[in-house]
There are 2 protein chains.
Amino acid sequence: MQVFWARGYDSASTRDLLEAMGLSRSSLYQTFGNKEQLYLEVLRRYREALIDRLSRRLEAAPSAMAFLESLFCETANEAGSERATRGCLIFNSASELSQRDTLPSQHARQSMAAITALFHQAVARAQAEGDIAPDRNTDALASYLTMGMAGLRTLLKSGADAGQAGPAAELLLDGLRH
Amino acid sequence: MQVFWARGYDSASTRDLLEAMGLSRSSLYQTFGNKEQLYLEVLRRYREALIDRLSRRLEAAPSAMAFLESLFCETANEAGSERATRGCLIFNSASELSQRDTLPSQHARQSMAAITALFHQAVARAQAEGDIAPDRNTDALASYLTMGMAGLRTLLKSGADAGQAGPAAELLLDGLRH
DNA sequence: CCATTTATGGATCGATCGTTCCAGAAATGG
DNA sequence: CCATTTCTGGAACGATCGATCCATAAATGG
């Protein structure tokens, strides 16, 4: 996962993968089939771990709005770090593989939808809690947040500092509160 | 440019490039040096053409706010098209090359800054025209718009339809008007 | 029209790509 | 402890990568 995350699908060579996993070629191909299937397994685990983690965070948060605020602000504060240039594996794969019609690219699209679904949950709860007007379009707000996070990730990947990413994320959150 | 745009830097093979350009290997290497320098030239031309086109559009627009509205709405309406899955070469290269320290990656970062600078112009004019409150932070709004366009591009690359992209872009513009 | 420069086609380079194969080592189970 | 299965190291596969080289063709200029 680390290798695919840092280098993308095409640029990650089987050499890199073997070295990082501490496996022999035979083991990799016997266990995972080939590079694409290994990548699919990585995407599957990444999405599951991400959605689970965010779902738990949302559930444990004092309010859905507090969850969204902390999520976007913490992400913006990654500015300048090596973590920031890596971005999110889901957005990365969606960007790299958008032109292809392969299982990984389909998986990436589904993962984007899963992120939007999670934001949908958060927005709906924030509306129930009175932090977002209940008459606002929940679907639209969910897509808006996915778009915002994807854009924030691109901003961070391109080397934006906290002085750019922070206020931009704040304005994004302002758009929720209306 | 078409080849790099559609396939990215690494995945674009010299074979693809030669075929698209109608040149022989000798001519390509004699004229452009190597693949990286050719890519740099492509990035340079793309940025120049994009910034020039948008600058002229901004200048010709009845108001800066009208320019921003049409830009984001037209982009959102590309949903589902082949053009949408290609995205923007600047965001694409920034995403693909963020981990590297090469001339193309530096160029991509500078291009991101150029986009933000253009949005800065637009926001400043919209403030002068009374469509955006003059006391709002122009820098922050410019970064916000770059983030929004990058996110919108990612949304479109991942196959979002107009029903998702359109309202998300509308909400983004609402954030300008406050 | 000839001398000089410039462009081209194609063979070829070493390196690396993802993948397969097989002999031998390790683990397993009765 | 032996028979059987499972795993591993390393060689090797064909294909493709970016890049170089050279003989030849085309263009140029006096």
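Throughout, protein chains are lettered first and strands after them, A, B, ... in sequence-line order, and every chain is numbered starting at 1. Please read these numbers as outputs of a predicted model, since none were measured by experiment.
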Undergrad: So, using side-chain contact (heavy atoms from CB on, under 4.5 Å) as the criterion, who are the partners of B:Asp161 when residues are at least two apart?
TA: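 Partners of B:Asp161 by the side-chain contact (heavy atoms from CB on, under 4.5 Å) criterion, ordered by chain and then number, come out as B:Gln164.
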
Undergrad: So, A:Thr102 and A:Glu36: side-chain donor and acceptor under 3.5 Å apart, yes or no?
TA: no

Undergrad: If we ignore angles and hydrogens, is there a donor and acceptor under 3.5 Å between the side chains of B:Asn92 and B:Ser95?
TA: no

Undergrad: Taking atom types as modelled and ignoring hydrogens, do the side chains of A:Gln106 and A:Arg100 form a donor-acceptor contact shorter than 3.5 angstrom?
TA: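 Looking only at side-chain atoms, A:Arg100 and A:Gln106 do not form any donor-acceptor pair under 3.5 Å.
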
Undergrad: For a quick check, tell me whether the side chain of B:Arg25 and the base of C:dT8 share a donor-acceptor pair closer than 3.5 Å.
TA: no

Undergrad: Examine the side chains of A:Thr85 and B:Ser98 and answer whether a donor and an acceptor come within less than 3.5 Å of each other.
TA: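 A:Thr85 vs B:Ser98: no donor-acceptor pair found between side chains.
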
Undergrad: Using the ring of A:Phe91 (Phe, Tyr or Trp, six-membered ring only), decide whether B:Lys157 places NZ or CZ under 6.0 Å from its centre and within 45 degrees of its axis.
TA: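 The answer is no, since B:Lys157 fails at least one limit relative to A:Phe91.
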
Undergrad: Looking at A:Arg125 and A:Glu129, does any basic side-chain N land under 4.0 Å from a carboxylate oxygen?
TA: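 Yes, this pair counts.
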
Undergrad: For the pair made of CE in A:Met21 and P in D:dT8, what is the distance, rounded to whole Å?
TA: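 Rounding to the nearest Å, CE of A:Met21 and P of D:dT8 are 11 Å apart.
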
Undergrad: For B:Leu38 and D:dG18, give me the distance from atom CG to atom P, rounded to whole Å.
TA: 11 Å

Undergrad: I would like to know whether B:Glu48 and B:Arg53 meet salt bridge (Lys or Arg N to Asp or Glu O under 4.0 Å); could you show each step before the answer?
TA: CA-CA 8 Å; B:Glu48 186 181 339; B:Arg53 183 164 51 83; over 6 Å; no

Undergrad: Enumerate the residues from residues 26-37 of chain A whose closest heavy atom to DNA chain C is under 4.0 Å, giving them by residue number; use none for an empty result.
TA: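 A:Ser26, A:Tyr29, A:Asn34, A:Lys35, in order of number.
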
Undergrad: When you measure from every atom of DNA chain C, which of residues 10-20 of chain A have a heavy atom less than 4.0 Å away?
TA: A:Ala12, A:Ser13, A:Thr14, A:Arg15

